[in-house]
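So that the names make sense, note that chain A is the first sequence line, chain B the second, and so on, each numbered from 1. Just so we're clear, the structure is a prediction, and the values are computed from it rather than from any experiment.
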Amino acid sequence: MTSEAIAPKKSIWAKITQSKYFVYVLISPLVLVLLAYVIYPMYKTFSQSVMDQEGALSFSNYINFFTTEANLESLRNSVFISVVSVITCAIVGVAMAFLLNRYEFPGRKFLSVLVLVPMALPPLIGAISFYFLYGETGIFPRFFQQIFNLEEVPFSLEGIWGIIMVHTFTMYTYFYLSASAAIKGLDLSLEEAATSLGSGRLRIWTKIILPMLTPAMVASSLLVFMISMASYTAPLMFGVQRTMTMQITLSRTNGNLDMSATQSTVLSIVSIAFLILMTWYQNRRNYQNQSKGTGVHRTEVRSPIVRYLAVLLSIIGVVVLMLPIMVIALISFAVDGSWTTQIIPAAYTIQHYVELFTDPDTWGPIWNSIQMSTVAVIGNIIFGVAAAYAMVRFNFKGKAFMDILIMVPWALPGTVVAVNMISAFSEPSAFAFNQVLVGTFWILPLAYFVRQLPLVFRNSQASLIQMDQSVEEAAQSLGATWWHSFRRVVLPIIMPGILAGTLLAFVQGLTEFVASILIYTPSTMPLSVGIWNKMYSFEFGTACAYGVLQTILIVIVLLVNEKIKGDNDTGAAF
Amino acid sequence: MKSVRLEQITKMFGKSRAVEDINIDIKSGEFFTFLGPSGCGKTTTLRMIAGFYFPTSGKIAFDNEDITTVKPNKRNIGMVFQNYALFPHMTVFENIAFGLQVRKLSKSVIREKVEKAQEFVRLVGYGDRKITELSGGQQQRVALARALVIEPDILLLDEPLSNLDAKLREETRVEIKRLQVELGITTVYVTHDQHEAMAMSDRIMVMSEGEVQQIGTPQEIYNKPDNHFVASFIGESNILEGTIKEVSDNHVTVDVGDGILLKGIRENSSPHVDIAEDKKVSLSIRPEIIEVGKGSNSIQGKIQLTEFSGVSINYLVKIGNHELNVMIINSGSNILERGDSITLSIPENSIYFMSEKG
Ligand SMILES: Nc1ncnc2c1ncn2[C@@H]1O[C@H](COP(=O)(O)OP(=O)(O)O)[C@@H](O)[C@H]1O
Ligand SMILES: [Mg+2]
């Protein structure tokens with residue numbers, strides 16, 4: 001074989017693959033998907049917000065927005081709720097983290113498992129349980145009303161403070177987890193060194209512990225603020241209409257689509273600004289090498305009084321943490337309509353669980369959600385993994401921008417994603433093969449796909465970054481084509497990460513409520529909307545049975561993921 | 001076994017130049033080593049031979065066949081990576097069999113070849129082990145078996161010993177050399193460890209900052225370093241600067257200051273140095289060549305520092321403004337102390353002339 005004979009063929013291939021622009025060919029499908037289902041819908045909403053009735057460019061909607069008291073109040077409320085939620089979550093989460101990581105007291109182990117329970121509650125179920133427990137007709141207010149023989153309930157959770165309570169309960173875990181990680185990473189010898197140098201407790205806190213916790217606190221604060229701004233379920237449950245998300249849906253139901261688009265755009269801008277802030281902050285602190293932790297030393301609580309107090313507090317903690325799940329479980333056995341003015345329902349049955357799987361009407365939403373979630377997750381795997389691969393393996397212009405773009409759907413409130421979908425796909429669009437998607441089966445899987453893409457992307461990306469790149473090169477050097485090595489080497493290695501992300505995406509699809517409620521069609525009603533509708537028609541039993549089902553699924557997925565993570569850790573030990 | 005030729009290879013990463021103008025001819029069956037400090041471009045050059053990078057300019061040929069831009073999976077090379085790069089989700093057997101499966105050999109042939117390879121690297125009976133259940137040295141041998149079982153034309157190794165502890169490193173080094181000699185396979189070996197390079201290689205290319213400093217056999221590199229860098233990177237050397245006083249047919253006399261004249265043999269000079277009267281020149285003198293007692297090039301000095309290492313005694317001797325490292329094999333005789341006077345002599349044929357520093 002002479003080199004001249006084969007040289008031309010090689011050089012053409014080489015020219016293509018070596019070209020600076022080849023990578024753009026590879027990432028173009030991803031760009032197309034992001035363009036079609038993230039940017040284009042966002043743009044449609046935006047363009048609707050800056051157009052007047054005749055279709056001319058106009059800022060009248062924005063002038064309108066910023067001069068209407070209802071809108072301003074909603075914006076103020078949303079910001080207020082978010083700020084207070086950050087503070088309360090931080091207090092609860094950090095206090096729990098210190099308590100459980102630094103002190104030894106009876107019941108600590110049990111409490112440190114239960115402390116994560118809120119993560120297993122679907123958002124809608126969390127809000128409903130608070131309503132059942134502490135709402136105006138809830139168990140506790142009625143209990144106190146009856147034992148003290150009062151005319152009215154002595155207290156009840158309502159309004160903005162109700163929302164904040166729900167937020168605190170469901171989101172303190174973000175602070176708890178990041179603060180725990182930081183505390184485990186605290187080098188105790190630093191503290192001991194400081195003590196030996198004569199530093200007092202206060203000095204140690206301000207000079208050593210707090211600075212070490214700051215990065216975790218900042219990141220969690222940004223996250224909780226963002227999620228609180230996007231919160232829709234809690235305001236809906238407590239009937240607070242003056243929040244941004246509620247206003248968006250209200251404007252829609254009142255037929256004021258332009259205002260709804262304007263409100264969505266304002267909320268999008270806030271969310272994306274926070275996303276950029278978070279990305280920036282995370283990149284900035286990348287150099288900070290979190291140490292593995294040097295075996296946490298726990299202070300034994302000795303004084304008997306403090307000990308009793310600790311036990312008492314533990315018990316209260318356990319009860320508070322378990323009550324939401326317990327009340328949902330309890331009511332899932334309640335005969336529908338049997339709970340009127342009693343403290344707890346009067347009659348019980350297992351009928352709701354039987355119906356879940358035998359009554360076609362009750363089974364319908366479950367099956368719908370399974371189907372739609374599956375479709376969405378298949379798309380997530382294909383594009384999430386491809387995007388992660390492109391982002392980890394290639395360098396190209398606009399990579400940083402792509403990184404943020406992929407995460408945008410994660411930052412966008414579900415309400416906004418739904419509004420964007422409606423804006424884009426209630427008329428035939430090239431991106432939907434010239435079909436109208438709104439009102440069909442496909443709109444919900446598409447919304448799920450968009451909302452969960454970041455989750456699968458991030459998990460796959462993390463596994464790929466961990467994977468040693470030379471393994472892939474080894475396969476190539478042994479003669480494997482790119483495709484062969486991707487299939488036989490890369491994919492099996494990153495599979496745990498993909499699986500973890502996919503399972504989470506799947507249950508998020510099964511429990512998605514916020515976007516679904518705006519765009520579902522009656523024939524493809526998803527599970528969470530089913531729960532909401534049952535609540536609405538006072539069929540609490542069925543609603544809670546659905547909720548228990550969702551919770552069980554989440555717990556299973558969390559356990560499986562924990563197992564995957566565990567296996568993977570030992571596997572990567574060499 | 002194929003030969004490898006690199007012609008005027010330059011590789012840029014963006015605006016920064018990783019290697020420049022590399023020219024090598026690696027003979028079929030040769031053990032050729034790239035040696036140099038970290039960051040000097042060894043890996044970059046090796047990866048161009050493997051096909052993971054394409055050169056910015058220049059040509060690479062295997063047996064006269066231009067493969068400059070051929071993809072790595074079409075080059076039939078065997079590569080051993082610094083961190084082994086074993087497939088963590090496969091057993092030892094599956095790892096070794098991977099390249100054979102890619103080549104679509106029959107199951108029975110694969111089994112036979114893998115077993116032979118296991119025997120070769122002394123891992124018989126380890127086939128079903130997971131990679132994580134192996135020690136570092138065993139993982140290294142799996143990596144070798146995996147690279148060799150495909151009967152590559154060229155074997156490439158990138159610092160294969162750097163992740164092993166000292167004892168294993170010695171053992172594995174011998175093992176690699178044994179395999180290479182038995183198979184007669186053309187081998188390109190990357191290391192920053194001069195002892196490794198000296199012990200294993202047929203020829204060494206010394207690199208620094210992306211440029212070739214010298215190519216030669218271990219003896220050539222050690223005894224006849226082309227420049228300061230090579231002289232001081234390979235082993236230890238005393239480097240003295242001076243001016244040529246006198247040139248005769250086969251002798252050169254150099255004034256190194258303080259009235260000290262050193263006489264050497266003219267042909268012991270690097271090709272790059274200009275031997276003529278009044279020219280500046282550098283001298284490389286290995287510490288172990290310097291003798292104690294009178295002889296040619298006798299000089300007087302005072303001991304500054306004494307170091308006893310068992311095998312040898314190392315003196316730092318002050319002579320005028322120079323300090324010379326001297327290494328004497330320990331023969332049980334008296335050890336001199338700091339401040340003692342010492343007479344040294346430097347054999348004429350052990351002074352090597354290089355061009356002036358800079
Ligand atoms: N992929 C790359 N991108 C940019 N610079 C690189 C890359 N690989 C190597 N370099 C640079 O090229 C130089 C040579 O690196 P390398 O070949 O890895 O050195 P060695 O293997 O001798 O330690 C170094 O300065 C290194 O930073
Ligand atoms: Mg290297």
Side-chain angles (χ1 to χ4, degrees), chain A residues 1-20 22 393 395-397 463-464 466-499 564 567-574, chain B residues 14 43 47 49-54 59 61-90 94-104 130-136 139 143 146-147 149-150 152 154-156 158 163:
Chain A
M1 211 175 359
T2 64
S3 55
E4 288 77 22
I6 45 172
K9 198 173 128 211
K10 278 174 186 167
S11 63
I12 286 173
W13 174 243
K15 257 193 196 129
I16 296 172
T17 54
Q18 264 186 284
S19 154
K20 277 201 293 250
F22 182 60
R393 282 290 184 271
N395 259 317
F396 49 89
K397 269 217 179 67
S463 326
L464 270 168
Q466 270 184 5
M467 187 188 127
D468 175 10
Q469 189 171 347
S470 59
V471 167
E472 211 178 335
E473 292 176 346
Q476 270 182 289
S477 79
L478 292 166
T481 57
W482 176 83
W483 175 237
H484 187 94
S485 97
F486 184 77
R487 209 162 40 90
R488 299 294 304 279
V489 176
V490 179
L491 218 46
I493 294 176
I494 64 169
M495 200 38 112
I498 298 175
L499 202 63
I564 292 174
D567 286 356
N568 223 27
D569 281 352
T570 51
F574 74 96
Chain B
T43 299
R47 288 170 66 84
I49 300 177
F52 295 125
Y53 294 152
F54 295 148
K59 235 172 75 173
F62 291 174
D63 267 0
N64 293 324
E65 184 191 337
D66 183 352
I67 51 94
T68 312
T69 56
V70 175
K71 302 217 292 173
N73 55 335
K74 298 278 183 277
R75 293 192 182 196
N76 198 35
I77 45 158
M79 178 136 177
V80 176
F81 294 79
Q82 187 163 6
N83 54 357
Y84 320 136
L86 296 174
F87 308 129
H89 59 300
M90 297 185 189
E94 288 165 339
N95 262 281
I96 302 176
F98 186 89
L100 301 171
Q101 283 160 351
V102 168
R103 284 164 176 75
K104 302 217 159 48
K130 280 180 142 184
I131 294 305
T132 42
E133 298 166 355
L134 299 181
S135 70
Q139 291 185 7
R146 184 180 70 177
V149 76
I150 59 170
I154 296 144
L155 179 62
L156 306 176
D158 191 354
N163 281 342

- Message: Less than 3.5 Å apart, any donor N or O on the side chain of B:N163 or B:N83 sitting next to an acceptor on the other?
- Response: no

- Selection from B:R47, B:R75, B:Q82, B:M90 maximising heavy-atom pairs under 4.5 Å formed with chain A: B:R47

- Which region of B:R103, side chain (C-beta onward) or backbone (N, CA, C, O), has a non-hydrogen atom less than 4.5 Å from a non-hydrogen atom of chain A, or is it both or neither? side chain

- Task: For each of A:E472, A:Q476, A:E473, A:M467, tally heavy-atom pairs with chain B at distances under 4.5 Å, and name the one with the top tally.
- Result: A:E473

- Where on B:Q101 is there a heavy atom nearer than 4.5 Å to chain A: the side chain, the backbone, both, or neither? side chain

- Measure the spacing between CZ of A:F486 and OG1 of A:T481 and express it to the nearest 0.5 Å. 12.0 Å

- For B:I150, is it the side chain, the backbone, both or neither that has a heavy atom under 4.5 Å from a heavy atom of chain A? side chain

- Do the ring planes of B:F98 and A:H484 sit parallel (below 30°), tilted (30 to 60°) or perpendicular (above 60°)? perpendicular

- Message: Tell me whether the count of non-hydrogen atoms from other residues, nucleotides or ligands lying under 6.0 Å of CZ in A:R488 goes above 12.
- Response: no

- Message: Is a donor from one side chain sitting under 3.5 angstrom from an acceptor on the other, for B:T43 and B:D158?
- Response: yes

